[in-house]
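The structure displayed is predicted, hence computed values, not measured ones. Every heavy atom of this structure was used, including side-chain atoms; hydrogens, water molecules and symmetry mates were not. Lettering of chains follows the sequences in order, A, B, ..., and the numbering in each one begins at 1.
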Number of protein chains: 4
Amino acid sequence: MSAPKTKRQQASEQRRQAILDAALDVFAAEGFTAARLDDVAAKAGVAKGTIYLFFKDKEELFEQIVVAAISPVLARLEALAEAETMPLDQVLETVFAFFQSEVIATWRRDVIWLVLSEGRRFPRIAEIYHRMVISKGLGIIRRIAENAYKRGEISSDELVRFPHLVFAPLIMALIWNGLFAKYQPLDVADLLNTHRQLLMRTAAAQPKED
Amino acid sequence: MSAPKTKRQQASEQRRQAILDAALDVFAAEGFTAARLDDVAAKAGVAKGTIYLFFKDKEELFEQIVVAAISPVLARLEALAEAETMPLDQVLETVFAFFQSEVIATWRRDVIWLVLSEGRRFPRIAEIYHRMVISKGLGIIRRIAENAYKRGEISSDELVRFPHLVFAPLIMALIWNGLFAKYQPLDVADLLNTHRQLLMRTAAAQPKED
Amino acid sequence: MSAPKTKRQQASEQRRQAILDAALDVFAAEGFTAARLDDVAAKAGVAKGTIYLFFKDKEELFEQIVVAAISPVLARLEALAEAETMPLDQVLETVFAFFQSEVIATWRRDVIWLVLSEGRRFPRIAEIYHRMVISKGLGIIRRIAENAYKRGEISSDELVRFPHLVFAPLIMALIWNGLFAKYQPLDVADLLNTHRQLLMRTAAAQPKED
Amino acid sequence: MSAPKTKRQQASEQRRQAILDAALDVFAAEGFTAARLDDVAAKAGVAKGTIYLFFKDKEELFEQIVVAAISPVLARLEALAEAETMPLDQVLETVFAFFQSEVIATWRRDVIWLVLSEGRRFPRIAEIYHRMVISKGLGIIRRIAENAYKRGEISSDELVRFPHLVFAPLIMALIWNGLFAKYQPLDVADLLNTHRQLLMRTAAAQPKED
DNA sequence: AATGAATGAGGCTTCATTCAT
DNA sequence: GATGAATGAAGCCTCATTCAT
């Protein structure tokens with residue numbers, strides 16, 4: 001139903017996507033204000049005016065970058081939500097692996113950087129990202145942790161109250177790679193394994209006994 | 001040694017500081033590119049040209065904001081370094097309290113946001129911040145953790161290898177407050193207490209036995 | 001003689017006219033430069049490219065608006081020319097009534113406004129309008145006045161030498177309505193009656209005696 | 001009190017005036033939309049940015065052209081207002097002479113053209129011009145006509161009710177010169193003399209007798 | 001013939017930087 | 001030193017015109 005039929009529509013959709021791809025590159029590299037739409041157009045292989053056939057102005061283009069980037073992530077979250085009864089340790093392993101291979105090493109990283117660095121000046125973007133990604137992701141991990149807690153897999157409700165703690169080292173790793181890796185490399189795989197051990201050892205150490 | 005002598009020198013130093021204070025406000029609010037030197041000058045109560053008496057250009061002003069903001073922090077770090085043998089739990093309590101009262105609620109928060117959001121485009125700033133703050137802070141925590149580990153206060157070397165894990169929730173709290181608090185408040189005190197419990201329970205649970 | 005034969009030709013002529021009608025609206029409202037052909041096309045119910053099937057460019061479209069608008073007026077002038085021996089007073093009454101009901105209250109007003117406001121920058125338009133409307137109209141009134149003068153209906157040759165004086169209050173009324181009526185309404189009927197009385201009393205007062 | 005004192009202030013005022021002069025030229029020649037601020041700046045001998053030190057944007061510059069042009073005219077109107085008891089014929093002669101030498105042949109003509117051709121799209125300008133020039137001028141002529149009528153100098157109250165009729169041929173002459181003089185010259189002096197005779201013969205013809 | 005997506009030149013406006021006072 | 005008026009390069013956005021469908 002939303003699949004474009006005619007060649008015209010297909011070509012148009014391809015152009016739109018090319019602009020979004022180029023814009024993500026340029027905006028991530030330069031930031032919203034310093035990014036030049038000339039560069040976006042050049043990188044997308046279209047004329048300047050073409051951008052305005054799809055987006056009202058620079059700001060809407062920026063928002064749509066984030067919106068467009070979120071959609072595919074949502075599918076992943078849905079899949080994760082299915083795993084509510086999976087062992088916590090296994091969930092963490094899956095999530096951390098996904099983060100390393102599919103986020104920190106790909107264009108998804110750039111989207112997060114954009115939200116991080118421009119979100120305060122574009123509350124709409126922060127709001128969208130929170131509503132569609134953050135709150136959902138936290139909710140899923142919270143439910144998984146809750147189940148693990150009830151099963152006695154973990155001994156305390158810390159992650160139930162603050163699922164944020166699961167993600168903190170992920171976002172830190174992403175920031176470190178962006179800012180400091182040049183001066184002091186960080187073994188993200190090791191970091192995240194250690195983080196997981198830390199979370200899980202806590203669990204194993206104090207088996208629930210009530 | 002660096003104390004200004006004459007009144008003129010003092011007045012000059014005050015102007016310089018007023019510009020830096022104003023610039024921190026404006027740059028943090030708008031980002032480097034969107035920040036207008038007109039606004040900085042107005043907020044500092046000086047003429048636009050005066051800025052150029054102290055700073056070569058906009059970029060140098062930006063760098064000096066960070067440099068100037070770091071100096072006072074260094075003193076804190078030195079003090080913390082003295083505490084190498086303090087119990088880890090107590091160190092964490094001190095550090096987290098400082099973070100809540102002196103970072104997340106003050107202009108220091110803005111400095112961190114600037115490094116976060118502009119650091120990738122201004123490697124010199126990232127480099128300075130890493131060299132003067134990050135690596136020192138991590139080093140101190142690592143040594144404290146190492147001592148605690150040797151004393152048997154904690155049961156594993158995780159924090160020795162990745163002292164980053166101590167700070168991850170701090171940076172996450174700061175980001176959350178900047179981006180998402182409007183939509184979903186976060187009890188930072190509770191979060192950090194929980195984080196500390198999590199770190200320390202690990203320690204207590206498995207007394208070192210090798 | 002110029003009647004389109006085939007249905008296709010008729011449809012084409014209708015499109016052309018629709019474009020001209022729309023263009024008159026848009027150009028009158030915005031002026032030549034600010035008028036957007038997008039708006040013209042939308043209002044005419046055609047695609048933008050269609051305009052270029054009938055008119056070489058924006059400027060030619062503008063010219064043709066005026067040309068097309070003039071043709072129907074010419075018929076009126078012809079009719080008036082037949083009335084060369086009609087009493088001057090009656091002619092004025094007829095002309096002024098026509099002006100009030102058929103010019104100042106209709107799209108003809110817009111044509112005049114276009115000529116007024118853009119004529120200096122588009123001499124071709126001024127020239128066309130002068131040749132086809134102004135000079136003819138003035139000539140007719142001059143001849144009528146001349147006849148009236150010869151008959152002794154009016155006592156002086158002022159209107160023979162300057163038939164412009166008959167029209168001056170008309171154009172002034174049109175301008176006033178366009179610019180100042182909002183701030184100070186003008187009773188055009190009263191104005192024109194007064195104007196006519198003024199012209200005719202002159203006539204009646206001094207019967208020709210040579 | 002409003003005289004600039006320092007050299008700086010004088011130079012600034014001169015620049016402002018140079019910009020206004022240049023802008024009148026360019027706007028009158030091209031119309032508001034087609035006028036290019038680049039051209040204004042070049043003609044005024046300043047940089048583009050300098051315009052924005054004095055005027056918020058193109059539209060404010062446009063308004064200020066008219067406002068600045070009106071001020072000197074006001075003095076003339078005041079002087080005319082003093083002449084309330086002067087014989088009507090003499091007033092008309094004075095006004096018409098002024099119009100020929102000081103309006104139709106100078107930059108004042110351009111101001112009127114601007115009001116004429118752009119006033120509908122810039123109601124503020126029409127409003128200003130009406131309030132400061134039109135209504136005042138009409139009021140003065142009305143009072144002068146009223147006095148003449150009371151004195152019996154003119155036999156009817158037509159000009160009291162519609163002082164507009166005095167000015168109609170003036171505006172017509174201005175328009176003619178702008179649009180049609182190339183194709184058919186107009187002897188403005190003769191036209192205005194004839195107009196005056198027409199107005200005054202009416203008066204003489206029917207001496208007031210009540 | 002008719003369409004409307006695509007183009008890219010051009011204009012308004014901003015703002016970092018300079019420099020005469 | 002301090003000022004702030006002046007500069008002009010640069011960027012966003014519009015819109016007349018073209019052309020593949």
> Angle class for the B/F27/B/F62 ring planes (parallel below 30°, perpendicular above 60°, tilted otherwise)?
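Correct class here is parallel.
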
> Whole angstrom is fine here: how far is it from CZ in D/F27 over to C1' in E/dC12?
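From D/F27 CZ to E/dC12 C1': 11 Å.
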
> Roughly how many Å is it from CD in A/Q10 to C1' in F/dA20, rounded to a whole number?
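Value for this atom pair: 17 Å.
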
> Is atom CZ of C/R124 surrounded by more than 12 heavy atoms (other residues, nucleotides or ligands) closer than 6.0 Å?
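Open: at most 12 neighbouring heavy atoms sit under 6.0 Å from CZ of C/R124.
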
> Which pair of heavy atoms, one from D/E60 and one from D/F54, lies closest together, and at what distance?
OE2-O, 3.9 Å

> If pairs are Watson-Crick or G-U with both distances under 3.5 Å, what is the dot-bracket string of DNA chain E, marking crossing pairs with [ ] and pairs to another strand with |?
.||||||||||||||||||||

> For D/G49 and for B/K56, find the nucleotide of DNA chain E with the closest heavy atom, then tell me which residue's nucleotide is more 5'.
D/G49

> F/dA16 P sits how many Å from C/E59 CD, rounded?
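It works out to 13 Å between those atoms.
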
> Between C/R36 and C/E30, does any side-chain N to carboxylate O distance fall below 4.0 Å?
no

> Tell me the closest heavy-atom pair linking B/P72 and B/W107, and the distance in Å.
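Heavy-atom minimum between the residues: CG-CH2, 4.5 Å.
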
> Tell me which of A/A35 and B/S12 sits closer to the 5' end of DNA chain F, going by the nucleotide each one is nearest to.
B/S12

> Once you round to the nearest 0.5 Å, how far does OG of A/S117 lie from CD1 of A/I112?
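The distance works out to 11.5 Å.
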
> Within this structure, what is the CD-to-P distance between D/Q9 and E/dT21, rounded to whole angstrom?
15 Å

> Any chance you could measure B/L114, atom CG, to B/I125, atom CD1, to the nearest 0.5 Å?
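CD1 of B/I125 is found 7.5 Å from CG of B/L114.
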
> Could you state the CG-C1' distance from D/L53 to F/dA6, rounded to the nearest angstrom?
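After rounding, the gap between these two atoms is 7 Å.
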
> Distance check: side-chain N/O of B/R15 vs OP1/OP2 of F/dA2, anything under 4.0 Å?
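Affirmative; the distance criterion is met.
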
> Can you list, by residue number, the residues of residues 37-48 of chain C that have a non-hydrogen atom closer than 4.0 angstrom to DNA chain F?
C/L37, C/K48

> Take A/R36 and B/T50, find for each the nucleotide of DNA chain F with the closest heavy atom, and name the residue whose nucleotide sits nearer the 5' end.
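Going by which nucleotide is closer to the 5' end, it is B/T50.
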
> I need the CZ-C1' distance between B/R8 and F/dA2, as an integer number of Å.
10 Å

> Between atom CZ in C/R16 and atom P in E/dA2, what is the gap in whole Å?
13 Å

> Is the shortest side-chain N to carboxylate O distance from D/E118 to D/R121 below 4.0 Å?
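The answer is yes: the pair qualifies as a salt bridge.
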
> If you look at every strand shown and take non-hydrogen atoms under 4.0 Å, does A/I51 touch a base, only sugar-phosphate, or nothing?
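Counting heavy atoms under 4.0 Å across all strands, no contact is made by A/I51.
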
> How many whole angstroms separate atom CG of C/D57 from atom C1' of F/dC19?
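Taking atom C1' of F/dC19 as the reference, CG of C/D57 is at 17 Å.
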
> Go through the steps to decide whether A/F32 and A/K58 satisfy the test side-chain contact (heavy atoms from CB on, under 4.5 Å), and finish with yes or no.
CA-CA 8 Å; A/F32 175 81; A/K58 195 183 182 184; 3.8 Å; yes

> Which sits closer to the 5' end of DNA chain E, B/K58 or D/Y52, going by the nucleotide each is nearest to?
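Closest to the 5' end, via its nearest nucleotide, is D/Y52.
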
